[in-house]
Amino acid sequence: MVKVRFAPSPTGYLHIGGARTALFNWMYAKSQNGTFVLRIEDTDLERSKQEYVDEILDSVAWLGMSWDELYFQSKRFDIYRAHAEKLLKAGLAYKDNGAIFLKVKKQEIKIYDLIRGEINFDTSYFTAHNDDGAPVLDKEGQVVLKDEVLIKADGSPTYNFCCVVDDALMEMTCIIRGEDHISNTPKQILMYEALGYKPPKFAHLPLIMGKDGGRLSKRTGAVAVSEYRKMGFLPQAIDNYLMLLGWAPGNNQEIMNLNSAIKIFSIKKINKAAAVFDMDKLKWINTQYLKQMNVVDVASFLKPFLKERGFIDESTDEMWLQKIIGLYKGRFSTLDEFLERTDFIFQENIIIDSSLVLKHLTNDKKEIFFQLAQAYETLESFDSKSLEAVFRGLVEKCGLKASDVVHPVRVSLTGKDVGPGLFETMEILGRVKTVNRLRQAFR
Ligand code: GLU
């Protein structure tokens, strides 16, 4: 029976790296009909915060990963202490200055990692070092090994110790976590051995790097999952993107939902090489998911965001909103982009960039703008077909070319020089805003 866990420390928000670790654990559990445990490692009472706990639980749930069991390490301090006492009694640990240490002997440690194969750590790994980096030697000139802290002087247990006690008691079969934890693994093996527990299997996931080749930073994508949510990404798209960071479904397939992924997921197929986080790729995937959705679903996804910005309210016409989405479908990859492109529809007044004004709203267009405003004000049916017919007629009458007027009109109505069909845009914008903006263009 497979049992795995995602064990975040609530000392910060859930980031892309953590979400990827959670997802690989979850996919592995689901693919094996196993159990997925969420364990909040809140032993650092000072740095752990309730708001981070809430955000982590929220984000994991939003990404569609349901957990079978939930634990908080802060509620298990007596269990860790009892285990430390046991080691003290057995003579395998000792007390010093209020802290409890595990005695570390000279030895080599081998771990077998499902992704990276065998990893060996020799005794030098446990050697104590001076501030200048030189090994500490005893009176006989022998290297001194660094004993491992189990319980700190303030009574709080260390990460490594809690992790081992819990992974053993909770009967984890495989530990899937980030590569940055490889260095902890030999210490944890020693603790398993001292406690008489059998170590689980390990699988250390490759690092995720920024596109610039450096560590994932805020600029290169290390943003909280909740931020991506606010930016208007779909959880399905984020899951799909995360699963590609270190794993591939094969056959060059990139769009794959979780249900299909868990049917073919295999830890052994995870890459050793670092994965690169590519925001453009994530956006591309989000666009693919948005394209597959019908306008009704996109509308219900967008509504809360639009409401929050005061762009729509309860009285907003649902059909109108769906029409806007239909017109812009395929033209936006996130909610932010949708708003960037459509803000002019919802806003009362728009601000037109002066460079666009200079380029497009030249005086030779003044007359046609005036004529268009007049005609549109009284046009019987304000639909794209009628709007276009009037437009073409007047443009010809003024001795202009339609192509020379389309861009200036678009700029005056939308504040942008690109967008979908001009007359569909006018229809959606409505008579009042269209006429007002045409008039205001030359004021
Ligand atoms: N609490 C650790 C972290 O957030 C978990 C490490 C582990 O999975 O063992 O990095």
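Both ligands and their constituent atoms are indexed starting at 1 by order of listing. When reading the values below, keep in mind they use all heavy atoms of this one structure, side chains included, and skip hydrogens, waters and symmetry mates.
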Q) Do the ring planes of Tyr328 and Phe338 sit parallel (below 30°), tilted (30 to 60°) or perpendicular (above 60°)? A) perpendicular
Q. Could Lys323 and Glu424 be called an ion pair, given the rule that one side-chain N must be under 4.0 Å from one carboxylate O?
A. no
Q: List, ordered by chain and residue number, the protein residues whose closest non-hydrogen atom lies under 4.0 Å from any atom of ligand 1.
A: Arg5, Ala7, Pro8, Ser9, Glu41, Tyr159, Cys163, Arg177, His181
Q) Parallel, tilted or perpendicular: which describes the rings of His407 and His360, with under 30° parallel and over 60° perpendicular? A) tilted
Q | Row check, Tyr52 ring normal vs Lys49 NZ/CZ: under 6.0 Å, within 45° | A | no
**Q.** Test: Arg5 and Asp167 ion pair at under 4.0 Å
**A.** yes
Q) Between Arg81 and Phe77, is NZ or CZ placed under 6.0 angstrom from the six-membered ring centre and within 45° of the ring axis? A) no
